[in-house]
Amino acid sequence: MHLTAPATGHVEARPRDADGMAVASFILGLLGLLVLNLFLGPVAIVLAAVSLWRGTRRRGRACLGMALGVADIVVLVLAMQLTDTVSWSL
């Protein structure tokens, strides 16, 4: 009696993980424009880079996540220059 089914082939989880990272980078980059951009911007950039390196099928979302991550940092730097503070608020 077998309790588990025999393996029929190798299931590759990397594209699925890479797709999830691409979506997460997009969401974190978008959220980073509003809050915690010093933290969420670099995280979005790293997730997008890793998902592109792993071969995601959602290249557009990964590229948008990377662009939004860079925009998070640019917005923070601009706001810091305009207000002469370390943080910014609306």
Side-chain angles (χ1 to χ4, degrees):
M1 182 166 112
H2 292 282
L3 297 177
T4 59
T8 58
H10 184 272
V11 177
E12 189 170 333
R14 284 186 102 172
R16 184 175 177 198
D17 291 343
D19 291 346
M21 281 190 275
V23 172
S25 72
F26 173 73
I27 291 170
L28 291 177
L30 194 59
L31 185 61
L33 287 173
L34 302 173
V35 293
L36 295 172
N37 46 2
L38 181 62
F39 175 72
L40 294 179
V43 170
I45 292 169
V46 169
L47 282 175
V50 170
S51 69
L52 287 171
W53 180 70
R54 287 189 178 181
T56 183
R57 291 175 282 175
R58 298 178 184 237
R59 292 185 55 85
R61 292 233 173 110
C63 291
L64 281 173
M66 187 172 292
L68 286 170
V70 170
D72 292 347
I73 296 170
V74 169
V75 165
L76 177 66
V77 169
L78 286 174
M80 285 171 37
Q81 291 297 319
L82 291 174
T83 61
D84 293 326
T85 62
V86 179
S87 64
W88 65 278
S89 62
L90 294 175

- State whether the side chain of Asp19 and the backbone N or O of Thr56 hold a donor-acceptor pair below 3.5 Å, judged by distance alone. no
- Message: Measuring from atom CE of Met66 to atom CZ of Arg61, what distance do you get when rounded to the nearest 0.5 angstrom?
- Response: 16.0 Å
- Task: Is it possible for you to say whether Leu31 and Phe39 belong to one hydrophobic cluster, with membership spreading through side-chain heavy-atom contacts below 4.5 Å?
- Result: yes
- Note on the structure: Tightest non-hydrogen contact, residues Val35 and Leu40, listed as O-CD1, 3.5 Å
- Calculate, to the nearest 0.5 Å, the distance between atoms CG and SG belonging to Leu68 and Cys63 respectively. 11.0 Å
- Leu36 reachable from Leu34 in the ILVMFWY side-chain graph, under 4.5 Å edges: yes
- Quick one: do Val43 and Ile45 end up in the same hydrophobic cluster if we chain Ile, Leu, Val, Met, Phe, Trp and Tyr together by side-chain heavy atoms under 4.5 Å apart? no
- Message: For a quick test of reading the model, state the closest non-hydrogen atom pair linking Gly65 to Ala48 and the distance between them.
- Response: C-CB, 4.3 Å
- Between Ala22 and Arg58, what is the shortest heavy-atom contact and its length? CB-O, 3.8 Å
- Task: Please name the pair of heavy atoms, one in Met21 and one in Ser51, separated by the smallest distance, quoted to 0.1 Å.
- Result: CB-CB, 3.8 Å
- Message: Can you list everything that forms a side-chain contact (heavy atoms from CB on, under 4.5 Å) with Val46? Sequence neighbours excluded, please.
- Response: Val50
- Query: Cluster question for you: counting only ILVMFWY and a side-chain heavy-atom cut-off of under 4.5 Å, with indirect links fine, are Ile73 and Leu78 together?
  - Reply: yes
- Task: Any chance you could lay out the side chain to side chain contact (heavy atoms under 4.5 Å, CB included) test for Val74 and Val70, step after step, and finish with the verdict?
- Result: CA-CA 6 Å; Val74 169; Val70 170; 4.3 Å; yes
- Message: Starting from Leu33, can I reach Phe26 by hopping between I/L/V/M/F/W/Y residues whose side chains sit under 4.5 Å apart?
- Response: yes
- Query: For Asn37 and Val75, what are the C-alpha separation, side-chain angles and deciding distance, and is it a side chain to side chain contact (heavy atoms under 4.5 Å, CB included)?
  - Reply: CA-CA 8 Å; Asn37 46 2; Val75 165; 4.3 Å; yes
- Minimum heavy-atom distance between Leu28 and Leu47, given as atom pair plus value: CD1-CD1, 3.8 Å
